[in-house]
Chemist: 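Please find one structure pasted underneath; my questions will follow.
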2 protein chains.
Amino acid sequence: GKLLVVPMDGSHWFTMQSVVEKLILRGHEVVVVMPEVSWQLGKSLNCTVKTYSTSYTLEDLDREFMDFADAQWKAQVRSLFSLFLSSSNGFFNLFFSHCRSLFNDRKLVEYLKESSFDAVFLDPFDACGLIVAKYFSLPSVVFARGIACHYLEEGAQCPAPLSYVPRILLGFSDAMTFKERVRNHIMHLEEHLFCQYFSKNALEIASEILQTPVTAYDLYSHTSIWLLRTDFVLDYPKPVMPNMIFIGGINCHQGKPLPMEFEAYINASGEHGIVVFSLGSMVSEIPEKKAMAIADALGKIPQTVLWRYTGTRPSNLANNTILVKWLPQNDLLGHPMTRAFITHAGSHGVYESICNGVPMVMMPLFGDQMDNAKRMETKGAGVTLNVLEMTSEDLENALKAVINDKSYKENIMRLSSLHKDRPVEPLDLAVFWVEFVMRHKGAPHLRPAAHDLTWYQYHSLDVIGFLLAVVLTVAFITFKCCAYGYRKCLGKKGRVKKAHKSKTH
Amino acid sequence: GKLLVVPMDGSHWFTMQSVVEKLILRGHEVVVVMPEVSWQLGKSLNCTVKTYSTSYTLEDLDREFMDFADAQWKAQVRSLFSLFLSSSNGFFNLFFSHCRSLFNDRKLVEYLKESSFDAVFLDPFDACGLIVAKYFSLPSVVFARGIACHYLEEGAQCPAPLSYVPRILLGFSDAMTFKERVRNHIMHLEEHLFCQYFSKNALEIASEILQTPVTAYDLYSHTSIWLLRTDFVLDYPKPVMPNMIFIGGINCHQGKPLPMEFEAYINASGEHGIVVFSLGSMVSEIPEKKAMAIADALGKIPQTVLWRYTGTRPSNLANNTILVKWLPQNDLLGHPMTRAFITHAGSHGVYESICNGVPMVMMPLFGDQMDNAKRMETKGAGVTLNVLEMTSEDLENALKAVINDKSYKENIMRLSSLHKDRPVEPLDLAVFWVEFVMRHKGAPHLRPAAHDLTWYQYHSLDVIGFLLAVVLTVAFITFKCCAYGYRKCLGKKGRVKKAHKSKTH
């Protein structure tokens, strides 16, 4: 088949790329459309790549992201209102803007029009893929860890009872206290209030390109299949829809032999083994004071610590701590001598930890990281630290607990065995469903009729109103009849009494 | 692993048996527990079978079922109230009673207790398997087409918005009119009112055996995995839960060569081909007048009709119609010369029709048959007739439409290609999940936290009440303040006016 791919930059592309490569291997004709300026998208792909110029440079992108990343070190975003006010808006708006550049490239748009693709495979984060799917009326397969705001519930018409399904960013578990459930409802209100402003820029671009006013629902509800990097070993079980396919852990793969350098570190670590430490590809600089506190704590454990860090080297780095610009994270986590993983709890890292059965110390920073950390903590697979407030001692204690308390290892091993026990591997499942949508021009039989209802019909407010009216009317009539009957009876008794009185006087 | 199987008699056992046989083939130690008296359960099984005597004989069973089947020819059950009043109660209560016999067999109960099974694989229809699972505290895998009343929504805590998810027995589609949506709500109320009486007998037996008062929710909510014979080619897409696995079409299998007798019928049918006609294993007698009307219609089409019928031969049977006691339904439907399938729209038959791409004329009788028929009709794969009201002419026209109007064949072929395009075959998927539950002693990570909430917490009535109270209080205080301020201002103006007045006079 013929497939159009609209990816999203950054770590999102890591796993999506593995699906695209397998589809190319299986003989599909794949065209990837990407902005000229990007961090991760440029890497060689064995298929047609179409690029378009953007209104920003790589430096602009780096600068905006640095502002965004720095902001996360100042205050953790725990509400949409603060996210909306925070500096991340600049970063997101920059991201949304590249879609305008795509459609300004008339030659590219013509090329895409004439290519008669069977489907579009997209990352919805910056909405551009969604706009492309709607513009060319192509059946679409969404590839995502999760979907911002309430757009998944709306786009897929999927119920998410606020009583036990925590909203993103809150870091709540599925067993919420009354207070947390109230906060969860308020967050839901926030989503309905602020998300439209949050995606205002993207929706303006979409309306401009599609030449009609467009809501987020219009963009998302077009989706045939949702490939979600969810797995109920990590995420809390909740209602889902038949066109949602769960491919959490797609990034895990069989450990490859370690490069000599890392093999040597492990061999030198003796019986204590090693700890892997990485805050992910998106965080390259930690405030110095914080870095020193971390370095101090790392020096207090007997294990060798392999710390992936591209920032300035903390002056108090201990001998057991080795700084590296890059490390083969998955393969290191797969090594039997690895005792713990210090991570920002991004979903890729957490899944690799689950796949390899390594307990975690988690320092969530932004996005879904707080939620991932809470989930792993409630399942006993790690300890979460508030990276802003934590002291060196907190980190030291957390590390010692996770390494020495056997329950963490037992819990993560149990989660690992549940996670890897599945009928189909996530990568094969993802490839199957992209091909399914190409073969059948979508998956109309999985589209719920809820899409054809207004919100008050969906919630049956009209039916409930009608039934209430009927019940009240019947009650009212019954009451009136009884009252009338009662008065009638009372009236008779009154006359009998009077007759009786007049007789006895 | 060691697996206990608690099956249900009748057509339910056909497909469950295929899963049990495959598990035996894969080396699991399987023990099937069944009543001595049964229609279908007796067949040779290559594993340990433990039987127990029952308080009823096969004749009792036949008689009760005949009453039940005859009743369906008198009036189609379209509400739980009528089902509750109808004669089927006797049949169902007879069914529920065999569980008491099982637990009265002390030797059998001891044997089961000492066998330390890894899981129980059960059909929930007569609740006995559910009682066994709870009694021996075994993780359980439910195997069913659907679950009566609202017990699936409750047992699995799965939302089913009444605005587009039709309740069983109504024969509605997922695009309901306002009136139908009102009826759907009323049916939901009926379920909550009558189902408890409907399963009163079963719950009494359960409470007796478990020596504690037991509700339907107590029995159903214990389930680890729900293997449901649902497929969204047949059923309307709706919210589902992660521990629901869909194995609709598990009964379809590669067509085997036809017995000579049937090969001959087909060869003799010439270019017109054949029509297969069967009202399923549970219906052996059709009222004579109705049978003659059917025979009359069958005589008016050029195709050869193979009619599986064990009742008295209608006197007006035409030459093109051949009565047989049994026919290889699936293999016949798989033959290219088969033009149409007349069926009561039981799910086994409908799935075989979908698998083999044969359009249908449907005469639903009871249970989920009306709903199956409606679904196929709305998807353009067949025509539904009300078997009680239909005339010979109706049947004739329906047959000619389904055979001659190409759209029916196109629609059923499209559904067939969607249905058979899946990453894992239903039988393999069923076997995988039974083994999963055995390996992991259940699937606790798929159990939603909703089970730990009361119904008003689940629906957030407490939170909504609290937020409303807060809003009203704030509104009230604001109103009072404004009113106070207003009075204050007004009071001042009043004094100024008075002062002004006294000056001007």
Side-chain angles (χ1 to χ4, degrees), chain A residues 157-159 161-165 173-176 178 181-182 184-186 189 230 232-233 235-243 246 379 414-415 417-419 421-424 428-429 432-433 435-436 439-440 443-450 452-453 457-460 462-464 466-467 470, chain B residues 157-159 161-165 173-176 178 181-182 184-186 189 231-233 235-243 246 379 414-415 417-419 421-424 428-429 432-433 435-436 439-440 443-450 452-453 457-460 462-464 466-467 470:
Chain A
Q157 292 291 303
C158 178
L162 290 166
S163 48
Y164 74 98
V165 179
S173 88
D174 58 353
M176 290 181 264
F178 177 77
R181 283 191 287 126
V182 171
N184 207 38
H185 277 73
I186 292 170
L189 283 177
T230 294
F232 295 104
V233 154
D235 297 302
Y236 299 117
K238 57 179 180 172
V240 293
M241 294 304 280
N243 61 351
F246 303 107
K379 302 186 183 199
R414 183 175 46 77
L415 295 179
S417 89
L418 282 170
H419 175 61
D421 195 353
R422 52 206 162 192
V424 187
D428 300 329
L429 203 56
F432 172 84
W433 284 102
E435 290 180 340
F436 183 99
R439 274 193 293 269
H440 302 282
H445 66 303
L446 296 179
R447 185 178 176 78
D452 311 324
L453 298 173
Q457 286 176 327
Y458 177 85
H459 294 289
S460 292
D462 52 353
V463 169
I464 292 166
F466 170 76
L467 288 175
V470 166
Chain B
Q157 291 291 303
C158 178
L162 292 166
S163 48
Y164 74 97
V165 179
S173 86
D174 58 353
M176 291 181 263
F178 177 76
R181 282 190 288 125
V182 170
N184 207 36
H185 276 74
I186 292 169
L189 281 176
D231 185 83
F232 295 104
V233 154
D235 297 301
Y236 299 118
K238 56 177 181 175
V240 294
M241 294 303 280
N243 61 351
F246 303 107
K379 301 182 184 202
R414 183 173 47 76
L415 294 179
S417 88
L418 283 169
H419 175 62
D421 196 352
R422 52 206 163 190
V424 187
D428 300 329
L429 201 57
F432 172 83
W433 283 103
E435 291 180 338
F436 184 97
R439 274 193 294 267
H440 302 283
H445 66 303
L446 297 180
R447 185 178 176 78
D452 311 323
L453 297 173
Q457 287 176 326
Y458 177 86
H459 294 288
S460 293
D462 51 354
V463 169
I464 292 166
F466 170 76
L467 289 175
V470 166

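If you're wondering where the values come from, they're calculated on a predicted model, not measured in any experiment. First the proteins, then the strands, lettered A, B, ... as listed; each starts at 1.
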Chemist: Using non-hydrogen atoms only, which part of B:Q157 is less than 4.5 Å away from chain A: side chain, backbone, both, or neither?
Modeler: backbone
Chemist: Against chain A, label B:P423 side chain, backbone, both or neither, depending on which of its atoms sit under 4.5 Å from a heavy atom there.
Modeler: both
Chemist: Could you tell me which of B:D235, B:L418, B:V233 has the largest number of non-hydrogen atom pairs under 4.5 Å with chain A?
Modeler: B:L418
Chemist: Using heavy-atom distances under 4.5 Å, tell me whether A:P448 contacts chain B through its side chain, its backbone, both, or neither.
Modeler: both
Chemist: With respect to chain A, which residue among B:R414, B:M241, B:M176 yields the maximal number of heavy-atom pairs within a distance under 4.5 Å?
Modeler: B:M241
Chemist: Heavy-atom distances under 4.5 Å only: say whether B:P159 touches chain A with side chain, backbone, both or neither.
Modeler: side chain
Chemist: Would you name the heavy atoms of B:L467 and A:V182 that are closest together and state the gap between them?
Modeler: CD2-CG1, 3.8 Å
Chemist: Roughly how far apart are B:R422 CZ and A:W433 CH2, rounded to 0.5 Å?
Modeler: 11.0 Å
Chemist: Check each atom of B:L446 against the heavy atoms of chain A and say whether the ones under 4.5 Å are side chain, backbone, both or neither.
Modeler: both
Chemist: What's the spacing between B:R181 CZ and A:Q457 CD if we round to 0.5 Å?
Modeler: 4.5 Å
Chemist: For the interface with chain B, which of A:F432, A:F178, A:F436 has the highest count of heavy-atom pairs at distances below 4.5 Å?
Modeler: A:F432
Chemist: Going from CG on A:D452 to OG on B:S163, what distance comes out if it is rounded to the nearest 0.5 angstrom?
Modeler: 11.0 Å
Chemist: Do A:H185 and B:S460 have a side chain donor and acceptor closer than 3.5 Å?
Modeler: yes
Chemist: Check the pair A:V240 / B:V240 against side-chain contact (heavy atoms from CB on, under 4.5 Å), numbers first and verdict last.
Modeler: CA-CA 5 Å; A:V240 293; B:V240 294; 3.6 Å; yes
Chemist: Name the option with the most non-hydrogen atom pairs under 4.5 Å to chain A; the candidates are B:V424, B:I464, B:L453.
Modeler: B:L453
Chemist: With a 4.5 Å cut-off on heavy-atom pairs, point out which of A:S173, A:S417, A:A175 contacts chain B the most.
Modeler: A:S417
